[in-house]
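Chain identifiers are assigned alphabetically (A, B, ...) following the order of the sequence lines, protein sequences preceding nucleic acid strands; residue numbering begins at 1 within each chain. Because the structure is a prediction, the values reported are computed rather than measured.
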Amino acid sequence: MSNRVKKFFTPGKILAIVAAFCALLIVVSFFSDRLVTPLRGAVSQVIIPIQRGMNGIGIGVVNRENEKRNIEDLQEENRELKDTIALLEEENKQLKHDTKDLDSLKKLYEIDKKYSSYPKTGATIIGTTSQNWNTSFVIDKGSNNGIKPDMNVVSDEGLVGMISEVHANYSIVSTVIGDNSFVSAMDEATGDHCTVRGDISMMDGGFVSLERIKQDANINDGDSIVTSAISSKYLQGILIGYAKDVKQDGNGLTKSGHLVPAVDFEHLQKVLVITQLKEFDNPETQKEGEEGETQESGET
Amino acid sequence: MKRKLCEIGIILLFYLLQVSLGRVIRIGGIMPNFMIILPVLFGYLKGRKEGIFVGFCAGILYDLFFSDLLGFSALIFVIIGYISGMFYNNYEENSFVVPLIITAISTFSYEFLIYIGNFLLQGRLITPFFVARIILPEMVYTVLLVLALYKPVQILNRHLDSKKRKVKDSDETYS
């Protein structure tokens, strides 16, 4: 170390200064978000566009790889699917008939709110939050596109999670399989309530935990579990997954088990953000709901 | 100055690799930590001051996007850079072993601190599971990554040096 100019600043002193500065930052950011938010906004202006571009390249490479591998599989699958289509068409006719009856009944009971009628907007996943401890990810739409915190995020298969942080040009989605995420849910068929809790120690099985089922509740293996009406943030009736291994708890008062998520989180690329928040006394929300209703009845 | 800019560029590049490539190369849900190897490599190849600088920049970027506590990773990374820089004088051209060991130890300590803060203090007491399922695999994966990235970073470091050396006198030599 023969630098004469920097004689005063030995590495040890620099370390002490920088470490003290870091400690100060920790203390400040522990108590307030005012420091982090503008900084993050400024840096994200530079990074997010690049990230979006890189993600495009990544998806392209992966897709090409998959295409090569899958052509034979696809041909096989195609044959099977054609058979299935014939079956389903038959079934569909039957169901269409049933739906008409159902619709009229629903209108009678005014419970016409359905998952498919919520207004949605599409978004692409452009990155993960880079820790192995949680499973949140970054999508390419932010407050510029009208995204707000607590909006529900779904895929075409079921519930993905909720918007946890919103920035100008991106937002962060925390998923229902993330550790310590709680969703109050119910059995679609019987309406019995339960709680879905993400647990990182079940990540190998691909499950999340299904808890707080009442003793007399009728939830069986394979039942569809949907978001419940009493959830404060999740809209009602979105499919979360299917119950599995429901067993008596040791305390003799409750039951618990596993839940297999309906969404394939490993291969998620596009998600849909439901732009309707769960608010009860908002007239705008009601209007949107009615619009959905008229659209739906127009289709059928 | 040019060196600093170049280093910031590399930090950005590693960050982008982390968020985009990290998802693709995940094994069993575990991805390597691209950011933590920066202070290790630069500290080892260029000395303590450089380790502190790179550690601070990388840590702040990491915290901005992935942590609620701004400065936590920066603090750890700065210390890692400093410790790694202490081995700078024993630096040999083809010695892979020292940075690998530093990476292993620092990844383990860093992840274990996160585990303590986020899980242990909230009463999640199954430490063996978390260590065996998340911390150790990430450590091994990150060490493998260092093995792959050591040579390119070393070449880049030498390239940045050679430009400077022409103007200044060479006070440190690589044998």
Q) If you draw a 6.0 Å radius around NZ in B/K4, do more than 12 non-hydrogen atoms from other residues or ligands fall strictly inside? A) yes

Q) A/L268 versus chain B, heavy atoms under 4.5 Å apart: side chain, backbone, both or neither? A) backbone

**Q.** Structural part of A/F265 lying under 4.5 Å from a heavy atom of chain B
**A.** neither

Q | From B/Y15 atom OH to A/I50 atom CD1, the distance as rounded to the nearest 0.5 Å | A | 10.0 Å

Q) How close do B/F119 and A/D179 get, heavy atom to heavy atom, and via which atoms? A) CE2-OD2, 3.1 Å

(Q) Please determine whether the number of non-hydrogen atoms from other residues, nucleotides or ligands lying under 6.0 Å from atom CZ of A/F30 exceeds 12. (A) no

Q | Heavy-atom contact with chain A under 4.5 Å, split by part of B/L12 | A | side chain

Q) Is it the backbone or the side chain of B/F72 that comes under 4.5 Å from a heavy atom of chain A, or both, or neither? A) both

(Q) Is A/I200 close to chain B through its backbone or its side chain, or both, or neither, when contacts mean heavy atoms under 4.5 Å? (A) both

Q) Are more than 12 heavy atoms from other residues, nucleotides or ligands located less than 6.0 Å from atom CZ of A/R212? A) no

Q) Does any heavy atom of chain B fall under 4.5 Å from the side chain of A/F137, the backbone, both, or neither of them? A) neither

Q: Return the option, out of B/Y82, B/Y115, B/F53, B/F130, with the maximum number of heavy-atom pairs under 4.5 Å with chain A.
A: B/Y82

Q: Determine, stepwise, if the pair A/I47 / B/L61 fulfils side-chain contact (heavy atoms from CB on, under 4.5 Å).
A: CA-CA 10 Å; A/I47 281 183; B/L61 187 62; 3.7 Å; yes

Q: Name the region of B/L21, side chain, backbone, both or neither, that has any atom closer than 4.5 Å to a heavy atom of chain A.
A: neither

Q: Pick whichever of B/S73, B/G71, B/G59, B/P137 has the most heavy-atom pairs under 4.5 Å with chain A.
A: B/G71

Q: For residues A/L39 and B/L70, determine if any side-chain heavy atom of one lies less than 4.5 Å from a side-chain heavy atom of the other.
A: yes

Q: Scan B/L75, B/I60, B/I76 and name whichever one has a side-chain contact (heavy atoms from CB on, under 4.5 Å) with A/C22.
A: B/L75

Q: Below 4.5 Å from any heavy atom of chain A, which atoms of B/N118 appear? Answer side chain, backbone, both or neither.
A: neither

Q | Proximal component of A/S44, with respect to chain B [non-hydrogen, under 4.5 Å] | A | both

Q) Distance from A/I14 atom CD1 to B/F56 atom CZ, nearest 0.5 Å? A) 12.5 Å

Q: Pick one of side chain, backbone, both or neither for B/Y110, based on which atoms fall under 4.5 Å of a heavy atom in chain A.
A: side chain

Q: Drop me the distance from A/L15's CG to B/I52's CD1, to the nearest 0.5 angstrom.
A: 4.5 Å

